[in-house]
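In what follows, a structure is listed as C-alpha cells, so that the remarks can point back to it.
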Amino acid sequence: MGTNSMLELIKSRRSVRNFKNKKVSIEELKTLVEAATWAPSGSNIQPWFFGIVDDEEILEKIKNFSPGLFGEPANLIVLCVNYEEAIKKGGELGKELCIYDIAMAAQNIMLAATASGLATCCIKSFSKRAVNKILNLPEHISSELVISIGYAEKTPQPPKRKKQGEVTFINNWGDFLNEE
Ligand SMILES: Cc1cc2nc3c(=O)[nH]c(=O)nc-3n(C[C@H](O)[C@H](O)[C@H](O)COP(=O)(O)O)c2cc1C
C-alpha cells in the first residue's frame, strides 16, 4: 500500500454510531487484535490485553455502564492495561506509557477494521470499574478503552478538521504554515 492509499484509508475511517444487525466473524476480530499487538509499545513492554466481546448479554451489560457507547454494535474489543507488569518493568514511566500504548493499539484496530469494510467507534465514556467487574478482570488489570465494531448502517460525514496550516509550525512557535 502506497502512502496515498494509506492516507485515503486514514481519512476514510469514521466514528460510526449506527450499526447493521450483522455479526462480525471471530476470524475478523482476531485479525483486528493481531493488528493491535503490532502497535509500537514504550520499552516494548506491551502491557496490554484485548477482550473480545461477542456475547450479547455481556455486551448489553457493558452498554448499560457506557454513556458514550451508541448504537447496537455487533462486537466490542475492550483494551485493557496490565498495570502490575507496566510498573514492574518500567516504574512510574512504564505506568505513564500504558495509555500511549493502548491508544496506538486502538488506532491499529480501527484502521485494520476500516480496511476490512468494518465500522468502529473509540469509546472512553464508560465506567472502568463496572466493565472490569463485568469482564471478571483481576485487580491489577483495568479496562481503558472500548472499541465498538460492526457493519455501518450509516456512515457520518467527516467531522471538520482543523486546517493543517493552523496546527503546523516550522521550527519556531508562531511560524505556522497558514496555507489553504
Ligand atoms: C480518546 C477518545 C475517546 C472517545 N470517546 C468517545 C466516546 O466515549 N463516545 C463516542 O461516541 N465517541 C468517542 N470518541 C470518538 C470521537 O468523538 C471522534 O473520533 C471525533 O468526533 C472525530 O470523528 P471521526 O472519528 O469520525 O473522525 C472518542 C475518540 C477518542 C480519540
Side-chain angles (χ1 to χ4, degrees), residues 1 3-22 24 29 32-33 35-42 46-53 56 58-83 86 95-135 137 141-168 180:
M1 183 186 276
T3 312
N4 285 343
S5 45
M6 189 66 206
L7 188 59
E8 287 314 309
L9 178 73
I10 288 169
K11 286 179 164 181
S12 71
R13 181 211 54 79
R14 283 282 70 71
S15 291
V16 168
R17 301 178 179 90
N18 288 284
F19 298 92
K20 288 198 167 107
N21 185 10
K22 183 178 167 190
V24 178
L29 294 166
L32 301 185
V33 172
T37 62
W38 281 97
S41 168
Q46 304 166 55
W48 47 41
F49 284 94
F50 304 96
I52 293 177
V53 177
E56 272 170 41
I58 294 177
L59 203 152
E60 205 51 41
K61 276 189 196 165
I62 292 178
K63 229 185 133 192
N64 289 337
F65 289 95
S66 307
L69 200 170
F70 298 100
E72 305 284 343
N75 297 93
L76 305 175
I77 295 180
V78 181
L79 292 86
C80 308
V81 162
N82 181 346
Y83 281 108
K95 193 176 163 192
E96 202 182 310
L97 294 175
C98 290
I99 301 301
Y100 298 98
D101 290 355
I102 285 291
M104 294 190 193
Q107 181 72 334
N108 274 14
I109 289 174
M110 293 188 286
L111 290 178
T114 306
S116 304
L118 294 166
T120 59
C121 189
C122 174
I123 297 147
K124 185 63 195 163
S125 172
F126 66 93
S127 162
K128 290 206 265 187
R129 192 208 280 250
V131 170
N132 293 353
K133 207 162 169 231
I134 292 164
L135 297 177
L137 301 184
I141 312 261
S142 180
S143 56
E144 291 296 340
L145 213 50
V146 172
I147 298 180
S148 57
I149 302 168
Y151 291 90
E153 175 68 49
K154 209 174 109 215
T155 305
Q157 287 299 309
K160 264 216 155 78
R161 253 50 196 182
K162 291 184 180 176
K163 290 218 162 59
Q164 206 182 328
E166 276 179 75
V167 294
T168 312
E180 297 163 78

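In listed order, ligands and their atoms are each counted from 1.
- Less than 4.0 angstrom separates some heavy atom of G68 from each of these atoms of ligand 1: 7 (C), 8 (O), 9 (N), 10 (C), 11 (O).
- R17 NH2, 3.8 Å is the protein heavy atom nearest to atom 16 (C) of ligand 1.
- Contacts between R161 and ligand 1 below 4.0 angstrom, taking non-hydrogen atoms only, involve the side chain exclusively.
- Atom NZ of K61 has 12 or fewer heavy atoms from other residues, nucleotides or ligands within 6.0 Å.
- In terms of modelled atom types and a separation under 3.5 Å, the side chain of N108 and the main chain of A35 share a donor-acceptor contact.
- Under 4.0 Å is where a charged nitrogen must lie from a carboxylate oxygen, and between E144 and K124 at least one such pair does.
- Here the CG atom belonging to L145 is positioned 11.5 Å from the CG atom belonging to L76, to the nearest 0.5 angstrom.
- Looking only at heavy atoms of the protein, atom 23 (O) of ligand 1 is closest to P159 CG, 3.3 Å.
- A distance of 10.5 Å separates OG in S142 from CG in L135, rounded to the nearest 0.5 Å.
- In terms of heavy atoms, V24 sits closest to G150 at CG2-CA, 3.9 Å.
- Near F70, meaning under 4.0 Å from one of its heavy atoms, ligand 1 places the atoms 11 (O).
- Of the possible polar contacts, none joining the N82 side chain to the W48 backbone as a donor-acceptor pair under 3.5 Å is found.
- The nearest protein atom to atom 5 (N) of ligand 1, hydrogens excluded, is given as K124 N, 3.2 Å; this is a heavy-atom distance.
- In terms of N/O distances under 3.5 Å, ligand 1 is approached by C122.
- With hydrogens left out, the protein atom closest to atom 27 (O) of ligand 1 is R14 NH2, 2.7 Å, a heavy atom.
- By the 3.5 Å distance cut-off applied to N or O atoms, I123 is not counted among the residues near ligand 1.
- Contact annotation for P156 and ligand 1: no heavy atom of the residue comes within less than 4.0 Å of the ligand.
- Both the backbone and the side chain of S15 come within 4.0 Å of ligand 1, judged by heavy-atom distances.
- Between the side chain of K154 and the backbone N or O of R17 there is no donor-acceptor pair closer than 3.5 Å.
- Atoms of ligand 1 found under 4.0 Å from any heavy atom of C121 (numbered from 1 in listed order, with element): 10 (C), 11 (O), 12 (N).
- Every atom of ligand 1 is numbered from 1 in the order shown, and the set under 4.0 Å from a heavy atom of S125 is 8 (O).
- Proximity of a side-chain donor or acceptor of N75 to a complementary backbone N or O of I52 within less than 3.5 Å is not detected.
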